[in-house]
Every structure is written in C-alpha cells, then in structure tokens.
Amino acid sequence: MMLRAFVGACLLSTSVLVQSALAGDARSMQIVVSKSEQKLSLYEDGELIATSKVSSGKPGHETPSGIFSILDKKKYHESNIYSAAPMPFMQRLTWSGIALHEGRVPNYPASHGCIRLPAKFATSLYGMTARGVHVIISNDDVALRSIDHPTLLQPKTKAKDGLMLSDVELRPANFDSSLKLVEVAVNQTTSAIKPKVIREAEGAPLRILITRRGDREKIMDVQRLLTEIGFDAGVPDGHAGQMTVNAINGFKRWKSLKTTGPLITDSFVDALYASAGADEAPNGQIMVRQDFKPLFEAPIHIKDLQIALGTHFFEVVDIDRDHGKAQWNGLTLENHLPTSAKKRLGIEVDDAPGAYDELSAVLDRIEIPDDIRQQLEVALSTGSSITVSDLSHGMETGQGTDFITVTRD
C-alpha cells in the first residue's frame, strides 16, 4: 500500500510524488487524464494518491481519448516526428507517437498530441510505473470507483483443464477506413499446431475486451457450421474466399434460397443454424491478450444489442485468492459513435442505460460462458482488466500492445 501515508500531501500538491513509491507493485496502478481539466490523476490499490496538471494536444494536434497502456519507457527520447524534439522520461502509449513525457506545462493544451508533465512529477511517475500500466484519457473529468458485480471475474486456484491456445502466426488484420478501426487478428488453429496453456495468476495481467461480433466472427461461424454439415468452406478464418462462397451458395441451392444479392443474410444464417442443430448465433465476442500478445477469442451473448453498450473500463486492484475475491474498480468514458457505425451495428438507442450506475447496467447485459469464465479466473491477477465497447479496439492495437480503445481521435 505504497504512498498511503502521503495521500493528503499528494492531493494538495499538483506535482508531488514520493520516492518510496519505487518499491511498490505497479500492477495496482492506473492513470486517468482529463483533457477538459488538464489534469492527471494517479490511482493505486483503488485509491486516488496524487494529481498533477498536464498539457495535452492543441487544436489540430489533439490527444486521442480512450483506453491505453504504457508500451515502452525511456528516460530520454527524441521525437521521430517533430524535429527530434526532446521527450525526457517518455512513457509511450501508442507506437504512432502518443506518450507521457516531461515538457512545458502551461494551463492550457499546447502539445502536438502527447501529454506533457511537470519535470518533478514526470521523473517520479517514471520511477513508479511499468509497462502495462493503464492510462485512460477522457475529454471529461472522470474518476475510478469500486464496483462489485457477479459478471466480474473472481480468482480461482485451479483449472479443470488448461486453456489451449494456438502458437500459429496471426493473419493480417482487416482495416475499416470508414470507422478508423481494425478487426482483431485471429489464431488459425489446426490439429498440426502445437498448443500452449494460459499462464496462471503468477503471469502478466490479462487484458480482456468484450464487444459486438463483427462480420469476421460471423463468417468464421458460417465456415465452421457449413463444414460440419458437409459443405467444405475451408479453414474458419473469417475471410469469404472462393471456397467459402462456393459452400454458401451450395447450401443456399439446397435450401432453395436466393444465391444473388448479399452473401450473408438473416434467412441464410437461420437456415444454417437450424440445419446444423446449433443454438442461435452469438452476438458478442470476448478477446484476450497477455504480455502484449493475443491469446484467444470466443463468442458470448450480449443482451439488448439495439441499445448502445457505451465504453467502460474495469480493472482488478487487489486479490484475496484464499477467499476467492477480487477487488475491481471501473469507470465509464464518453461514447462517440458515428452515424454510419450505429446503422451498421443496428444501434437504435444511443444512450446506454444505468444513469448513475452505467457500470452495473452494462455488466447486467453480458453473459460469459462458464467454461471461458473458469479458465480466465484461474489466470486472474492484480492488474487484469476488462474493456467493454461498441466499436471494439482501435487501429493502434497490434504487435506489442494491449487492446487500445479509442473513443475520439
């Protein structure tokens, strides 16, 4: 519980941190930046322990809002974009150039997108953090709070079976330029691939993203079910290649469905699931990363998809494994959905329910299958996090990152 004796002093000063912080575990820390207030708030063990003024991006070079984590740290760095400008005590948030670093901090946004910190605070904060510490950037002034809900994972001591994951190389991701989003890469598992097992609680924290299913996931299900009933659709990789198109049209002819027009229609999906004896198509997806690498993803169910999910963040700040209890905190970020995205996702109600308790309201809508829950709970550790979002992760998510969810560019 580092810095606990100094909380009051830290809150009174906008740039004071103490050196005893260096001995703590950075996994219990979170950083929240308010662009409207030009303020950084530092949380540890679920409590606010320090604040500092900052200077974020100016008009034309805005700092993006969203959920990030520290990817890299350097005591001295020079900008690759802006004429080798010095960036002391740099803590990188994206590989495209957004970072926390020491710099001039007037009382207004003045940077080219980074978040500048006062010199003393930048030095102390650099010594406290580690790669993987979450940094939440919001337009508004938001605060983390404790949250207890049955949907949130709780620690378990043993798994019945190891969660088998693929070592296969990831296929290239698909980029939707209209939404500035990228579909997550998928592990293409075959029987020839050597499996590995998810690390238990001693490993790095889990990074979990819960979102709506996209076209790629729907096509993967179609490919799998078609092959199961005798129409060879190829490897279930989410790409509608020629084998998949031939299999779909073959099934449609069998069921006297139209083979012209859209490839995937509701009538086709309903007929396919009925023929395969499968439950109704899932509408949500859970994706998991660890150590800045994708582990696996699986279908889940989300209630009332005509209502926006919003963007929400949850993180484990303490674990009592003996009693099987995790302490979670969370916050809700402003949600900016383009009209085209709402139409594509079938969102009819913009405002997520919950009023003053949006965190509990969104968790009420999420159903995680028991087998997935059990495997995740064995690996749950301090610093493990869950992001819930309508638009999945941003295009910055890739090799060497956690999930990066951008709510506003």
Side-chain angles (χ1 to χ4, degrees), residues 30-35 38 40 54-104 109-117 122 125-126 129-139 170-185 207 209 211 214 287 289 291-294 311 313 333-338 341 385 387 389-409:
Q30 302 92 30
I31 295 169
V32 179
V33 175
S34 167
K35 293 190 290 185
Q38 291 292 281
L40 179 150
V54 302
S55 184
S56 62
K58 60 187 177 182
H61 297 280
E62 287 85 358
T63 301
S65 300
I67 300 166
F68 307 85
S69 59
I70 296 172
L71 307 179
D72 188 28
K73 298 176 60 172
K74 290 183 180 179
K75 287 187 177 180
Y76 184 78
H77 178 71
E78 293 182 349
S79 173
N80 298 321
I81 302 173
Y82 298 108
S83 304
M87 300 168 63
F89 298 100
M90 184 274 294
Q91 304 192 61
R92 183 183 296 279
L93 305 184
T94 72
W95 293 116
S96 63
I98 305 299
L100 303 164
H101 65 82
E102 176 189 329
R104 186 175 70 91
S111 81
H112 282 83
C114 287
I115 299 168
R116 297 180 188 166
L117 307 172
L125 185 65
Y126 185 93
T129 60
R131 293 176 69 237
V133 168
H134 278 297
V135 179
I136 299 100
I137 303 173
S138 173
N139 287 346
L170 298 177
R171 68 167 174 81
N174 291 330
F175 174 49
D176 182 342
S177 58
S178 67
L179 292 179
K180 297 186 179 180
L181 296 176
V182 59
E183 296 287 356
V184 69
R207 304 307 196 198
L209 174 66
T211 188
M287 307 176 187
R289 286 189 165 222
D291 272 336
F292 300 102
K293 299 175 183 176
T311 302
F313 172 79
L333 291 174
E334 65 274 11
N335 204 36
H336 302 284
L337 289 175
S385 65
T387 296
S389 178
D390 285 296
L391 290 181
S392 189
H393 51 81
M395 62 181 293
E396 295 281 358
T397 301
Q399 296 294 333
T401 77
D402 288 329
F403 291 112
I404 297 177
T405 301
V406 177
T407 58
R408 174 169 283 181
D409 288 333

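Both backbone and side-chain heavy atoms feed into the values below; hydrogens, waters and symmetry mates do not.
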Hey, mind stepping through H112 and K58 against side chain to side chain contact (heavy atoms under 4.5 Å, CB included) and telling me if it holds?
-> CA-CA 6 Å; H112 282 83; K58 60 187 177 182; 3.9 Å; yes
Of all heavy-atom pairs between L71 and T401, which one has the smallest distance, and what is that distance?
-> CD2-CA, 3.8 Å
How far apart are the closest heavy atoms of P294 and R289, and which atoms are they?
-> CA-CG, 3.7 Å
Can you tell me how far OG of S389 sits from CD1 of I67, rounded to the nearest 0.5 angstrom?
-> 7.0 Å
Residue pairs involving residues 399-408 (criterion salt bridge (charged side-chain N to carboxylate O under 4.0 Å, His left out); sequence neighbours excluded) | R207-D402
Less than 4.5 Å apart, any side-chain heavy atom of I70 and any of L93?
-> yes
Can you sort out the partners of F68 under ring-ring contact (aromatic ring centres under 6.0 Å, His included), two or more places apart, ordered by chain and number?
-> none
Can you find a pair of side-chain heavy atoms, one from P64 and one from I98, that are under 4.5 Å apart?
-> yes
Starting at NZ of K35, measure out to OG of S55 and round the result to the nearest 0.5 Å.
-> 12.5 Å
Distance in Å, Q30 CD paired with S385 OG, rounded so as to fall on 0.5 Å steps = 9.5 Å
ring-ring contact (aromatic ring centres under 6.0 Å, His included) with H134: which residues, sequence neighbours excluded?
-> F313
Are any non-hydrogen side-chain atoms of E334 and S138 less than 4.5 angstrom apart?
-> yes
Report yes if some heavy atom in the side chain of F403 is under 4.5 Å from a heavy atom in the side chain of L209; otherwise report no.
-> yes
Can you tell if the side chain of V33 reaches within under 4.5 Å of the side chain of T63, non-hydrogen atoms only?
-> no
Under 3.5 Å, side chain of S392 to main-chain N/O of T211, donor-acceptor pair present?
-> no
On a heavy-atom basis, the closest approach of G132 and F292 is N-CZ, 3.7 Å
Can you tell if the side chain of L100 reaches within under 4.5 Å of the side chain of I31, non-hydrogen atoms only?
-> yes
For S56, which residues count as a side-chain hydrogen bond (donor to acceptor under 3.5 Å, both in side chains) partner, sequence neighbours excluded?
-> Q38
Give the minimum heavy-atom separation between L117 and A122, together with the two atoms involved.
-> CB-CB, 3.8 Å
Verify, without hydrogens or angle tests, whether T311 (side chain) and N335 (backbone) share a donor-acceptor contact under 3.5 angstrom.
-> no
Shortest non-hydrogen contact between C114 and M87, atoms and distance | SG-CE, 3.9 Å
side-chain hydrogen bond (donor to acceptor under 3.5 Å, both in side chains) involving T129 - partner list, sequence neighbours excluded | K73, Q91
Is any side-chain heavy atom of Y126 closer than 4.5 Å to a side-chain heavy atom of P88?
-> no
Taking the side chain as every heavy atom from C-beta outward, state whether I137 and I115 have any atom pair closer than 4.5 Å.
-> yes
Are the side chain of W95 and the backbone of G398 linked by a donor-acceptor contact shorter than 3.5 Å?
-> no
For the student: nearest non-hydrogen atoms of G66 and T407, plus distance = N-OG1, 3.7 Å
Those residues at least two apart in sequence (or on a different chain) that pass side-chain hydrogen bond (donor to acceptor under 3.5 Å, both in side chains) with E102 are none
First locate atom CD1 of I136, then atom OG of S69, and finally report the distance between them rounded to the nearest 0.5 Å.
-> 10.0 Å
